[in-house]
Q: 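Would you mind keeping the following structure in view while I ask a few things?
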Amino acid sequence: MTELYDFDTAIDRRGTWCIQWDGVADRFGVDGLLPFTISDMDFATAPEVLAALRDRLDHGVFGYTTWQQDDFRSAVAHWYATRYGTEIDTGQLVYGPSVLNQLSQLLQMWTGEGDGVVVHTPTYDGFRKAITGLGRELRGVPVGDEEALVRELARPDAKVLVLCSPHNPTGRVWTADELTRMAELAERYGVAVVSDEIHADFVHEGYVHVPWTRVAGAGGGRWALISSGSKAFNFPALTGSYGLIGDPADRAEFLRRMETAEGLASPAVLSLTAHIAAYREGGPWLDAVRAYVAGNLGHVAERLSAGLPELGWEPPQAGYLAWIDLRAAGVVDDAELQRVLVERERVAIMGGAVYGAPGFVRLNVGCPRAKVERGVEALIRAVKAVRAARSSPSGV
């Protein structure tokens, strides 16, 4: 499948206002680094998406637009039916400019200032900013720690569980049993659930994504599934996301907020165009790029096994973000490692402290293999340099 598409040829993204390449100095303080940072890919989107966008551009008129039409709704339904074996109720659909914008609106609907919002740790930094920026209290529970989850959900002022499914940054794919248990706990303690499933389309072979709608139906209660095709098909700059909200009154309130308070009644037409093309025709491209990324992750595993075998690192269950625990190699200080990566290796790799987990890194491998090779070799050299510096009085 991958031979039908060229993922090896690098596309120069410099000078395109790209955050990952052109904005690297904003986060790392130095320009010109080779970046493995923000969660987008260096690949052009699917040919079918590009063709649809060109056709829409050729039309030449870009007036106010509605997402509440059958082309979009049926494309989303088609995607869930064919990719996840899940029938969705298109009457539950809502639309927003991004998943984080949807999360913000839902938090404002379902919580008050000072209320507790439960998340799994390590935590995607966008969640942290959205929750604390609204004056809510972020309460973290380690991934897989059900006892801690129960304890936090049972607190009287816990109002929302924000679920990342699959989980970012770890790449964990929640099982149907785990999700069912979360739904039961949420119902028991009267906690609403917002399930961010933007990484769902990048679940790797051997694992199965279960949409929240499959477990929410029996449990009832307040819930929302928020997602977008932009992650899998790499068009976040077009903006656009969609959601499914179970309760009719909550759905009506969400739409009211978007159309009146937020002034976002008209979506970006090119985003709608891209979503429809991706969900109707883009499946083969997605399968190919996911296989290519799996190969990239396999290469990272192979090189880490040879260069830093004490890590025992294995590829994630989903996504193109390699979440790597470096603590077994003696890395506990993100600042020390980052200094070597930036100053000596000239690469930008997200440190784990961003997600509340010092001693880890998040390496984006959604890029040509040659770039991955440079990144993982730089990481291995930097870790070894930091370790060597500890035993040397002169330092790194």
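In this chain, numbering begins with 1 at the start of the sequence shown. Side chains are part of it too, since the values below use all heavy atoms of this structure and drop only hydrogens, waters and symmetry mates.
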Q: Going through the checks in order, is the salt bridge (Lys or Arg N to Asp or Glu O under 4.0 Å) test met by Arg139 and Asp157?
A: CA-CA 11 Å; Arg139 295 174 182 165; Asp157 62 346; 2.7 Å; yes

Q: Pair up each side-chain donor or acceptor in residues 96-103 with any protein partner under 3.5 Å, not counting sequence neighbours, and list the distances.
A:
{"residue": "Ser98", "atom": "OG", "partner": "Asn101", "partner atom": "N", "Å": "3.0"}
{"residue": "Gln102", "atom": "NE2", "partner": "Ser241", "partner atom": "OG", "Å": "2.7"}
{"residue": "Gln102", "atom": "NE2", "partner": "Tyr242", "partner atom": "O", "Å": "3.0"}

Q: Once rounded to the nearest 0.5 Å, what's the spacing between atom CG of Asp250 and atom CD of Gln105?
A: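 Rounded to the nearest 0.5 Å, the CG-CD separation comes out at 13.0 Å.
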
Q: So that I can tick it off, tell me whether Arg13 and Asp40 are bridged by a salt bridge, with the cut-off set at under 4.0 angstrom between side-chain N and carboxylate O.
A: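 Yes, charged N to carboxylate O under 4.0 Å.
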
Q: Looking at Arg339 and Asp333, does any basic side-chain N land under 4.0 Å from a carboxylate oxygen?
A: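 Salt bridge: no.
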
Q: Restricting to ring-ring contact (aromatic ring centres under 6.0 Å, His included), what partner residues turn up for Tyr80, sequence neighbours left out?
A: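 Residues passing ring-ring contact (aromatic ring centres under 6.0 Å, His included) with Tyr80: Tyr84.
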
Q: Salt bridge or not for Asp70 and Arg73, using N-O below 4.0 Å?
A: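 Not counted as a salt bridge, because no side-chain N and carboxylate O are separated by less than 4.0 Å.
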
Q: Say whether Glu197 and Ser195, considering side chains only, have a donor N or O and an acceptor N or O under 3.5 Å apart.
A: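 Yes, a side-chain donor-acceptor pair sits under 3.5 Å.
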
Q: Do any pairs count as a ring pair (Phe, Tyr, Trp, His ring centres under 6.0 Å) and have a residue in residues 337-365, sequence neighbours left out, and if so which ones?
A: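 Non-adjacent pairs meeting ring pair (Phe, Tyr, Trp, His ring centres under 6.0 Å): Trp323-Tyr355, Trp323-Phe360.
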
Q: Which residue pairs satisfy the side-chain hydrogen bond (donor to acceptor under 3.5 Å, both in side chains) criterion with at least one member in residues 299-317, sequence neighbours excluded?
A: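 Sorted result for residues 299-317: Arg303-Glu377, Glu310-Arg387.
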
Q: Got a sec, which residues hit salt bridge (charged side-chain N to carboxylate O under 4.0 Å, His left out) with Asp89, two or more places apart in sequence or on another chain?
A: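 For Asp89, no residue satisfies salt bridge (charged side-chain N to carboxylate O under 4.0 Å, His left out) once neighbours in sequence are set aside.
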
Q: Mind jotting down which residue pairs meet the side-chain hydrogen bond (donor to acceptor under 3.5 Å, both in side chains) criterion with at least one end in residues 112-134? Sequence neighbours excluded, please.
A: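 As it turns out, there is no side-chain hydrogen bond (donor to acceptor under 3.5 Å, both in side chains) pair with a partner in residues 112-134 once direct neighbours are skipped.
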
Q: Measuring from atom CZ of Phe127 to atom CG of Leu107, what distance do you get when rounded to the nearest 0.5 angstrom?
A: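 Spacing of CZ (Phe127) from CG (Leu107) equals 9.5 Å.
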
Q: Does Phe72 have any ring-ring contact (aromatic ring centres under 6.0 Å, His included) partners at least two apart in sequence or in another chain, and if so, which?
A: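 Only Tyr95 meet the ring-ring contact (aromatic ring centres under 6.0 Å, His included) criterion with Phe72.
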
Q: If you count heavy atoms of other groups shown closer than 6.0 angstrom to CG of Leu286, is the number above 12?
A: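 Enclosed: over 12 neighbouring heavy atoms sit under 6.0 Å from CG of Leu286.
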
Q: Quick check with a 6.0 Å cut-off and a 45 degree axis cone: is Lys371 positioned over the face of Phe36's six-membered ring?
A: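 Yes, a cation-pi geometry.
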
Q: For Glu253, which residues count as a side-chain contact (heavy atoms from CB on, under 4.5 Å) partner, sequence neighbours excluded?
A: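 Checked Glu253 against side-chain contact (heavy atoms from CB on, under 4.5 Å); matches are Met109, Arg256, Arg257.
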
Q: Would you please name every residue forming a side-chain contact (heavy atoms from CB on, under 4.5 Å) with Ala382, sequence neighbours left out?
A: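 Expected list: Leu337, Val340, Leu341, Glu345.
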
Q: Which residues satisfy the ring-ring contact (aromatic ring centres under 6.0 Å, His included) test with Phe235, sequence neighbours excluded?
A: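 ring-ring contact (aromatic ring centres under 6.0 Å, His included) check on Phe235 returns His275.
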
Q: Could you work out, with side-chain contact (heavy atoms from CB on, under 4.5 Å) as the rule, every residue matching Ala75, not counting sequence neighbours?
A: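 Residues passing side-chain contact (heavy atoms from CB on, under 4.5 Å) with Ala75: Ile276, Tyr279, Arg280.
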
Q: How about Asp42 and Trp21: does a side-chain donor come under 3.5 Å of a side-chain acceptor?
A: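 Looking only at side-chain atoms, Trp21 and Asp42 do form a donor-acceptor pair, the distance falling under 3.5 Å.
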
Q: Could you tell me whether Glu336 and Arg390 make a salt bridge, using a distance below 4.0 angstrom between a side-chain N and a carboxylate O?
A: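 Salt bridge: yes.
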
Q: With sequence neighbours left out, what residues match Phe28 under ring-ring contact (aromatic ring centres under 6.0 Å, His included)?
A: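 Testing Phe28 for ring-ring contact (aromatic ring centres under 6.0 Å, His included), a comparison that skips the adjacent residues, returns none.
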
